[in-house]
Amino acid sequence: QVQLVESGGGSVQPGGSLRLSCVASGYTYSSYCMGWFRHVKGNERAGVAAIDSDGDTSYADSVKGRFTISLDKAKNTLYLQMNSLAPEDTAMYYCAAEEVNGGYCPAALGHLEYNHWGQGTQVTVST
């Protein structure tokens with residue numbers, strides 16, 4: 001069973017930075033993809049950034065140029081570096097993962113593409 005544990009959330013002023021981490025364990029297969037999502041009450045869970053099984057990335061338009069997703073396979077840890085944070089980035093951030101038995105796993109930004117989720121970490125951007 002895949003387990004995901006996020007950390008790194010907190011409160012920051014507009015223009016500030018945070019780095020989220022997600023430690024993964026329990027993968028059965030060597031091919032997997034991962035993503036970061038965020039959720040604000042009353043809205044659907046939205047994809048922020050994702051990385052595919054080849055290491056290629058995709059981003060939501062709202063975070064391009066400000067957020068960077070990366071994966072350290074040796075540490076089984078996914079990161080999200082968030083710069084130039086704005087109040088509209090305030091949300092609960094979730095790490096997600098999907099694994100495949102061989103083949104390719106895409107960098108999907110749709111939450112239905114992932115079966116494994118962390119518990120979330122809150123990010124609050126305010127003055």
Side-chain angles (χ1 to χ4, degrees):
Q1 180 73 13
V2 177
Q3 292 188 325
L4 305 171
V5 180
E6 302 102 329
S7 62
S11 296
V12 65
Q13 293 187 342
S17 298
L18 284 173
R19 188 176 80 156
L20 306 183
S21 299
C22 171
V23 179
S25 62
Y27 284 122
T28 299
Y29 306 116
S30 61
S31 182
Y32 57 89
C33 46
M34 300 185 76
W36 286 100
F37 289 75
R38 62 188 181 187
H39 180 239
V40 176
K41 283 185 179 180
N43 294 336
E44 288 190 357
R45 192 170 294 193
V48 174
I51 188 164
D52 69 14
S53 52
D54 293 336
D56 294 323
T57 59
S58 62
Y59 294 91
D61 287 343
S62 59
V63 306
K64 281 180 182 176
R66 299 189 299 125
F67 292 9
T68 302
I69 189 171
S70 61
L71 176 65
D72 185 335
K73 286 197 171 185
K75 296 182 178 179
N76 282 337
T77 302
L78 181 73
Y79 300 100
L80 184 68
Q81 178 66 44
M82 305 186 294
N83 298 328
S84 302
L85 284 162
E88 52 265 36
D89 295 315
T90 295
M92 183 72 78
Y93 282 72
Y94 295 89
C95 171
E98 184 59 36
E99 56 178 345
V100 295
N101 184 7
Y104 173 69
C105 188
L109 293 177
H111 68 278
L112 295 178
E113 303 297 323
Y114 298 88
N115 284 314
H116 308 289
W117 293 85
Q119 82 288 350
T121 184
Q122 178 68 36
V123 171
T124 302
V125 185
S126 65
T127 56

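Numbering starts at 1 and runs along the sequence shown. Hydrogens, waters and symmetry mates play no part in the numbers below; they use all other heavy atoms, side chains included. These figures come from a predicted structure and were not determined experimentally.
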Quiz item: To the nearest 0.5 Å, how far apart are CG in Leu80 and OH in Tyr93?
Solution: 7.5 Å
Quiz prompt | Results of side chain to side chain contact (heavy atoms under 4.5 Å, CB included) for Thr68 - residues two or more places apart only | solution = Tyr59, Gln81
Practice problem: Calculate, to the nearest 0.5 Å, the distance between atoms CE and CD1 belonging to Met34 and Ile69 respectively. | Solution: 8.0 Å
Quiz item: What is the minimum heavy-atom distance between Glu113 and Ala108, and which atoms define it?
Solution: CG-CB, 3.4 Å
Exercise. Compare all side-chain heavy atoms of Glu88 with those of Val125 and state whether any distance is below 4.5 angstrom.
Key: no
Practice problem: Go through the structure and list residues passing side chain to side chain donor-acceptor pair (under 3.5 Å) with Asp52, not counting sequence neighbours. | Solution: Tyr104
Exercise. Mark yes or no for whether Ser58, through its side chain, and Ala107, through its backbone, hold a donor-acceptor pair below 3.5 Å.
Key: yes
Quiz item: Can you name the nearest heavy-atom pair linking Leu20 to Gly9, along with the distance?
Solution: CD2-N, 3.6 Å
Self-check item: pair Thr121-Ser7: side-chain heavy atoms closer than 4.5 Å
Solution: no
Quiz item: Among the clusters formed by ILVMFWY side chains lying less than 4.5 Å apart, do Leu85 and Trp36 turn up in the same one?
Solution: yes
Quiz item: Would a hydrophobic clustering, with Ile, Leu, Val, Met, Phe, Trp and Tyr connected at side-chain separations under 4.5 Å, put Val63 with Val12?
Solution: yes
Quiz item: Nearest heavy-atom pair of Gly120 and Met92: which atoms, and what distance?
Solution: C-SD, 3.7 Å
Quiz prompt | Separation between OG1 of Thr77 and CG of Leu71, rounded to the nearest 0.5 Å | solution = 8.0 Å
Self-check item: Spatial distance of atom NE2 (His116) from atom CD (Glu99) [nearest 0.5 Å]
Solution: 5.0 Å
Practice problem: Any chance you could lay out the side-chain contact (heavy atoms from CB on, under 4.5 Å) test for Gln3 and Val23, step after step, and finish with the verdict? | Solution: CA-CA 8 Å; Gln3 292 188 325; Val23 179; over 6 Å; no
Self-check item: salt bridge (Lys or Arg N to Asp or Glu O under 4.0 Å) partners for Arg45, two or more places apart
Solution: none
Self-check item: disulfide bond (SG atoms under 2.5 Å apart): pairs with one or both residues in residues 61-97, sequence neighbours excluded
Solution: Cys22-Cys95
Quiz prompt | Where Ala86 and Arg66 come nearest, the two heavy atoms and their spacing | solution = N-NH1, 4.1 Å
Self-check item: Verdict with reasoning, Asp89 to Phe67, per side-chain contact (heavy atoms from CB on, under 4.5 Å)
Solution: CA-CA 11 Å; Asp89 295 315; Phe67 292 9; 3.9 Å; yes
Quiz item: What pairs meet the side-chain hydrogen bond (donor to acceptor under 3.5 Å, both in side chains) rule with one or both residues in residues 8-24, with sequence neighbours excluded?
Solution: Ser17-Asn83
Quiz item: So, for Thr90 and Val40, which heavy atoms are closest and what is the spacing to 0.1 Å?
Solution: O-CG2, 3.4 Å
Quiz item: Considering the options Ser53, Pro106, Cys33, which one meets the side chain to side chain contact (heavy atoms under 4.5 Å, CB included) requirement together with Glu98?
Solution: Cys33
Self-check item: Any Leu4 side-chain heavy atom under 4.5 Å of Leu78 side chain
Solution: no
Quiz item: Of all heavy-atom pairs between Gly47 and Ala60, which one has the smallest distance, and what is that distance?
Solution: O-CB, 3.4 Å
Quiz prompt | Test ring-ring contact (aromatic ring centres under 6.0 Å, His included) applied to Phe37 - qualifying residues, sequence neighbours left out | solution = Tyr114, Trp117
Quiz item: Do Glu6 and Gln119 pass the side-chain contact (heavy atoms from CB on, under 4.5 Å) test, and can you show the C-alpha distance, the side-chain angles, and the key distance before you say yes or no?
Solution: CA-CA 7 Å; Glu6 302 102 329; Gln119 82 288 350; 2.8 Å; yes
